[in-house]
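Only a predicted model underlies this, so the values are computations on that prediction, with no experimental measurement involved.
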Amino acid sequence: MFDSNKFNPQRKKSAGFTLTEMMISVALVSLLSVGLLTFMLDVARGIFWGTEKTEISEDVREFTMRLAAEARSANSAIIYASFDPDDRNSGGDRRDDQQSGDCLVLINTEYYPDTSGTEHYTDIIVYFRTEDEEGDGAGPVHRFEWSASSVANYYDSADYELEEVLALVAPDEDTSNPVVIELSRGVADGRLFTNYQQGMVTVINGEILHGNKVKEVTNTYNLSISPRG
């Protein structure tokens with residue numbers, strides 16, 4: 001009996017794939033997989049970057065709005081090199097015009113018992129940045145606040161210099177104060193605050209950092225504040 005399949009070359013060829021065809025197929029699948037992986041990584045990076053940028057914008061807005069409001073309520077602003085007690089224990093430690101530091105002190109005073117009386121310290125707010133152990137100039141920004149609970153707790157400015165009051169009310173350990181910004185880097189000579197016009201105008205010039213060592217997302221912010229005087 002005549003077998004047509006035996007003499008049909010097309011029938012034999014359709015029985016399977018050649019080694020060359022299989023290698024080409026594997027190569028194409030590999031290229032598609034690499035392209036898809038690259039696309040997914042790009043999407044993940046974009047989502048990460050967008051999320052961190054949004055959080056930074058929120059940090060900047062909250063920090064600057066709060067600081068500006070508190071500065072407007074203060075009588076004056078003093079800048080020190082740092083929150084370290086050795087950098088704020090005398091009037092000579094205060095930063096002069098055009099000098100920068102990492103410790104900003106907002107002071108509120110009132111006359112007691114009336115405007116003909118003596119000026120007293122009633123409220124002190126301190127913003128200060130500490131450098132982390134990485135040594136790259138970045139570190140958290142802390143906030144310390146002291147308010148006289150009664151007239152008996154007022155400090156007479158005729159008897160007490162600001163540095164003496166700070167020594168009495170401000171803790172020596174900077175890490176015990178709440179953090180308002182997780183990571184910030186000073187832009188002005190590596191410092192966060194710059195003094196202008198003898199404490200009546202202060203410029204905050206910094207860079208907020210989010211993310212991690214592999215993918216760091218940053219954004220700078222600038223703010224000028226003027227206490228009421």
Side-chain angles (χ1 to χ4, degrees), residues 60 63-111 118-132 135-147 154-175 177 179-181 183-208 220-229:
V60 170
F63 175 61
T64 55
M65 288 181 62
R66 182 179 188 179
L67 184 53
E70 291 175 338
R72 286 194 297 268
S73 300
N75 294 105
S76 59
I78 302 297
I79 296 175
Y80 300 99
S82 75
F83 189 72
D84 189 294
D86 291 337
D87 286 334
R88 53 178 172 88
N89 60 11
S90 69
D93 291 329
R94 301 181 187 186
R95 302 276 85 184
D96 291 328
D97 286 354
Q98 311 299 319
Q99 290 186 330
S100 302
D102 276 328
C103 179
L104 170 67
V105 181
L106 301 174
I107 310 151
N108 203 338
T109 59
E110 292 182 8
Y111 288 94
T118 306
E119 188 178 31
H120 293 71
Y121 297 104
T122 59
D123 298 276
I124 294 174
I125 296 175
V126 184
Y127 285 91
F128 61 94
R129 189 182 67 91
T130 57
E131 189 170 337
D132 60 18
D136 58 358
V141 177
H142 300 262
R143 181 181 181 275
F144 164 78
E145 180 177 7
W146 169 83
S147 295
Y154 286 3
Y155 287 98
D156 189 338
S157 60
D159 297 329
Y160 292 90
E161 292 289 338
L162 172 63
E163 290 73 24
E164 293 178 291
V165 178
L166 286 174
L168 292 170
V169 302
D172 292 341
E173 185 63 39
D174 50 29
T175 56
N177 296 280
V179 173
V180 293
I181 293 180
L183 281 179
S184 182
R185 183 183 291 124
V187 176
D189 298 328
R191 305 288 189 172
L192 195 58
F193 308 105
T194 301
N195 187 35
Y196 289 94
Q197 299 180 14
Q198 291 299 326
M200 296 315 299
V201 177
T202 300
V203 176
I204 297 91
N205 192 358
E207 180 183 29
I208 290 182
T220 56
Y221 58 95
N222 297 275
L223 175 68
S224 297
I225 59 173
S226 298
R228 64 185 178 182

Student: Grab the two heavy atoms, one from Trp146 and one from Tyr121, that are nearest each other, plus how far apart they are.
Tutor: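 Looks like CH2-O, 3.7 Å.
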Student: Does any N or O in the side chain of Thr130 come within less than 3.5 Å of the main-chain N or O of Gly139, such that one atom is a donor and the other an acceptor?
Tutor: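 The answer is no, because no donor-acceptor pair under 3.5 Å joins these two groups.
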Student: Going from CG on Leu166 to OH on Tyr160, what distance comes out if it is rounded to the nearest 0.5 angstrom?
Tutor: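 Going from CG on Leu166 over to OH on Tyr160, the span is 13.5 Å.
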Student: Side chains of Asn75 and Thr109: is there a donor and an acceptor less than 3.5 Å apart?
Tutor: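 Side chains of Asn75 and Thr109: pair found under 3.5 Å.
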Student: Apply ring-ring contact (aromatic ring centres under 6.0 Å, His included) to Phe128 and Phe83, showing your working.
Tutor: CA-CA 6 Å; Phe128 61 94; Phe83 189 72; 3.9 Å; yes
Student: Kindly indicate, with the supporting measurements, whether the criterion side-chain contact (heavy atoms from CB on, under 4.5 Å) is fulfilled by Ile79 and Cys103.
Tutor: CA-CA 6 Å; Ile79 296 175; Cys103 179; 6.0 Å; no
Student: Between Tyr80 and Glu163, do the side chains contain an N or O donor and an N or O acceptor separated by less than 3.5 Å?
Tutor: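 Side-chain D/A pair, Tyr80 to Glu163: present.
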Student: Determine whether Leu67 and Leu104 make a side-chain contact, defined as any pair of heavy atoms from C-beta on separated by less than 4.5 Å.
Tutor: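 A side-chain contact under 4.5 Å exists here.
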Student: Output, in order, the C-alpha distance, side-chain angles, deciding distance and verdict of side-chain contact (heavy atoms from CB on, under 4.5 Å) for Leu106 and Ile124.
Tutor: CA-CA 6 Å; Leu106 301 174; Ile124 294 174; over 6 Å; no
Student: Atom CG of Leu162 and atom CZ of Arg88: how far apart are they, to the nearest 0.5 Å?
Tutor: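 Leu162 atom CG to Arg88 atom CZ measures 10.0 Å (nearest 0.5 Å).
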Student: Please check: side-chain N/O of His142 versus main-chain N/O of Asn177, any donor-acceptor pairing under 3.5 Å?
Tutor: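 Side chain of His142 to backbone of Asn177: a pair is present.
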Student: Please list, chain by chain and in numerical order, all residues satisfying side-chain contact (heavy atoms from CB on, under 4.5 Å) with Asp156, sequence neighbours excluded.
Tutor: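 Scan of Asp156 (side-chain contact (heavy atoms from CB on, under 4.5 Å), adjacent residues dropped) gives Thr118, His120, Ala158, Asp159.
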Student: Would you say Ile107 and Ile78 make side-chain contact, with heavy atoms under 4.5 Å?
Tutor: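 A side-chain contact exists here, since the closest heavy-atom pair is under 4.5 Å.
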Student: Going by side chain to side chain donor-acceptor pair (under 3.5 Å), name the residues that satisfy it together with Glu70, two or more places apart in sequence or in a different chain.
Tutor: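 Residues passing side chain to side chain donor-acceptor pair (under 3.5 Å) with Glu70: Tyr127, Arg143.
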Student: If the condition is side-chain contact (heavy atoms from CB on, under 4.5 Å), which residues does Asp123 pass it with, not counting sequence neighbours?
Tutor: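 With sequence neighbours excluded, Asp123 shows a side-chain contact (heavy atoms from CB on, under 4.5 Å) to Asn108, Ser147, given in chain and number order.
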Student: Working to the nearest 0.5 angstrom, can you tell me the gap between Ser73 OG and Ile125 CD1?
Tutor: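 Those atoms lie 8.0 Å apart.
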Student: To the nearest 0.5 angstrom, please state how far the OH atom of Tyr154 sits from the CD atom of Glu110.
Tutor: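 So the OH of Tyr154 and the CD of Glu110 are separated by 4.5 Å.
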Student: Just by distance, do the side chain of Asp87 and the backbone of Asp84 share a donor-acceptor pair under 3.5 Å?
Tutor: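 Checked: no pair found.
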Student: So which atom in Phe144 and which in Val169 form the shortest heavy-atom distance, rounded to 0.1 Å?
Tutor: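 Smallest heavy-atom distance, with atoms named: CZ-O, 3.3 Å.
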Student: Which distance, rounded to the nearest 0.5 Å, do you find between the OG of Ser82 and the CG of Asp102?
Tutor: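 It comes to 7.5 Å.
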Student: Determine, stepwise, if the pair Arg66 / Val180 fulfils side-chain contact (heavy atoms from CB on, under 4.5 Å).
Tutor: CA-CA 10 Å; Arg66 182 179 188 179; Val180 293; 4.1 Å; yes
